[in-house]
Amino acid sequence: MLVAEMISDQERVELVQLINQFLIDKQGRSQATPTIQDRLGQTQKSKIGKLANNYYASDIEAKSQVTDDDKVMARRAYLAVKNGD
């Protein structure tokens, strides 16, 4: 038995109206242009994200630099191994 034979004409009309309303609502949401406030918020998030990435990269670079303390500890370790301590 076909679906068209199981429902009445009134139910068919209601179903088509529901489908149309759903499609109209969905289309309206997808084509909504962002407001200035939305764009400003997105720009702010993007800027903060880029700054955080820059600080992270700077931190990694700073940690990879050899400091005077690192040189002194390496020299002491070398001398300790060389002298058999």
Side-chain angles (χ1 to χ4, degrees):
M1 178 178 268
L2 297 174
V3 174
E5 295 172 349
M6 294 189 309
I7 61 174
S8 68
D9 290 338
Q10 180 60 32
E11 290 171 329
R12 228 178 292 165
V13 169
E14 290 173 4
L15 185 59
V16 170
Q17 287 174 343
L18 284 173
I19 292 170
N20 284 338
Q21 186 61 44
F22 170 77
L23 293 174
I24 290 169
D25 289 346
K26 185 176 178 183
Q27 183 180 20
R29 283 191 306 260
S30 66
Q31 292 181 350
T33 57
T35 64
I36 292 174
Q37 189 68 28
D38 293 339
R39 285 190 252 165
L40 285 174
Q42 184 60 38
T43 302
Q44 185 71 13
K45 287 178 187 175
S46 176
K47 183 171 70 171
I48 290 171
K50 287 178 183 177
L51 284 172
N53 287 339
N54 287 342
Y55 284 128
Y56 181 70
S58 296
D59 192 36
I60 289 174
E61 186 176 327
K63 287 180 181 178
S64 67
Q65 298 295 323
V66 177
T67 64
D68 289 338
D69 290 340
D70 295 335
K71 292 176 185 176
V72 169
M73 289 190 304
R75 179 77 177 155
R76 286 180 182 163
Y78 167 74
L79 291 174
V81 169
K82 180 179 175 186
N83 294 330
D85 292 339

* To do: Name all pairs fulfilling the salt bridge (Lys or Arg N to Asp or Glu O under 4.0 Å) condition that reach into residues 48-71, sequence neighbours left out, sorted by first residue then second.
  => Asp59-Lys63
* Applying side-chain contact (heavy atoms from CB on, under 4.5 Å), name anything that partners Glu11, two or more places apart in sequence or on another chain. =>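 Glu11: side-chain contact (heavy atoms from CB on, under 4.5 Å) contacts with Ile7, Ser8.
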* Asked: Does the side chain of Gln21 come under 3.5 Å of the side chain of Asp25 through a donor N or O and an acceptor N or O?
  ->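 Side chains of Gln21 and Asp25: pair found under 3.5 Å.
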* Are Leu15 and Phe22 grouped together when hydrophobic residues (ILVMFWY) are joined by side-chain heavy atoms under 4.5 angstrom apart? -> yes
* Asked: According to a 4.5 Å side-chain heavy-atom criterion applied to Ile, Leu, Val, Met, Phe, Trp and Tyr, with indirect links allowed, do Val13 and Val16 form part of one hydrophobic cluster?
  ->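 Unlinked, Val13 and Val16 end up in two clusters.
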* Are there more than 12 heavy atoms of other residues, nucleotides or ligands under 6.0 Å from atom CD of Gln65? ->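 Enclosed: over 12 neighbouring heavy atoms sit under 6.0 Å from CD of Gln65.
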* More than 12 heavy atoms from other groups under 6.0 Å of CD1 on Ile36 ->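 For Ile36, atom CD1 is not crowded (no more than 12 foreign heavy atoms under 6.0 Å).
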* To do: Please check if the side chain of Thr43 supplies one atom and the backbone of Arg39 the other of a donor-acceptor pair under 3.5 Å.
  => yes
* To do: Measure the spacing between CG of Asn83 and OH of Tyr78 and express it to the nearest 0.5 Å.
  => 9.0 Å
* With rounding to the nearest 0.5 Å, note down the distance linking CD1 in Ile48 to CG in Asn53. =>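 Reported value, rounded in 0.5 Å steps: 12.0 Å.
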* To do: Answer whether the closest heavy-atom distance between the side chains of Gln44 and Lys47 falls below 4.5 Å.
  => yes
* Got a sec, which hydrophobics cluster with Ile24, joining ILVMFWY side chains under 4.5 Å apart, including via others? -> none
